[in-house]
Amino acid sequence: MSVLERLRLGPMRVSGKAMELALDRAREVRGLGAGAVDAGRVPAARMTGSARTGLARYGLTSKAPTPKRLEVTRQTATLLATVRHLETATVDDVLDLLHALMATKLLAKAERMGNDAKPCPSCARSRRRSPQRSTC
């Protein structure tokens, strides 16, 4: 598997290990330094654009050997656009995974623990007296 193929693949599971791998992937893509390159003169539509014109889309959908066959300037532009897109995509993947972890692992566990917890005696007495006003 090429480096480009590996960086394109997002997390497959919702787990702490997957979060660690997703953070490593985001750190690695960020470390390539594509965000530091000034691409202000290139229109955004050209960087991401449609399937026919988007440099990033071409780099993301083609197999790793394909960009090697391009002219050097086109190859450089395609790889730059691809890595710049991957910078945002990897952070999005990390945030999506964090959201899924929070919802499935932490909040569900807290809810289960809350359902298993026994109410304190004074709360139980006040709930019997007035169920509408109980705060526990």
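FYI, side chains are in, hydrogens and waters are out, and symmetry mates aren't considered; it's all heavy atoms of this structure. In this text, all values refer to a predicted model and were calculated from it rather than measured experimentally. One is the number of the first residue; the rest follow in order along the sequence.
Taking the side-chain contact (heavy atoms from CB on, under 4.5 Å) definition, one finds that Val91 meets it with Leu95, sequence neighbours left out. Qualifying side-chain hydrogen bond (donor to acceptor under 3.5 Å, both in side chains) partners for Glu28, counting only residues two or more places apart in sequence or in other chains: Arg6. Judged as a side-chain hydrogen bond (donor to acceptor under 3.5 Å, both in side chains), and not counting sequence neighbours, the contacts of Thr66 are Arg69.
Under the 3.5 Å distance criterion, the side-chain polar atoms of Arg8 are matched with a main-chain donor or acceptor of Leu60.
Note that the CD atom of Glu71 and the OG1 atom of Thr76 stand 9.5 Å from one another [nearest 0.5 Å].
Heavy atoms only, all atoms of each residue included: Glu5 and Ser62 are closest at OE2-O, 4.4 Å. Contact record, Arg74 with Thr78: O-OG1, 2.7 Å, taken as the closest heavy-atom pair. In terms of heavy atoms, Thr90 sits closest to Val29 at CG2-CG2, 4.0 Å.
Hydrophobic clustering, defined by side-chain heavy atoms of Ile, Leu, Val, Met, Phe, Trp and Tyr closer than 4.5 Å, leaves Leu79 isolated from every other such residue.
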Determine all donor-acceptor pairs shorter than 3.5 Å in which one atom belongs to a side chain in residues 19-26; sequence neighbours excluded.
unit_1, atom_1, unit_2, atom_2, d
Asp24, OD1, Arg27, NH1, 2.7
Arg25, NE, Leu7, O, 2.8
Arg25, NE, Leu9, O, 3.1
Arg25, NH1, Asp93, OD2, 2.8
Arg25, NH2, Leu7, O, 3.0
Arg25, NH2, Asp93, OD2, 3.4

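Counting heavy atoms from C-beta outward, Leu55 and Thr82 have side chains that stay 4.5 Å or more apart.
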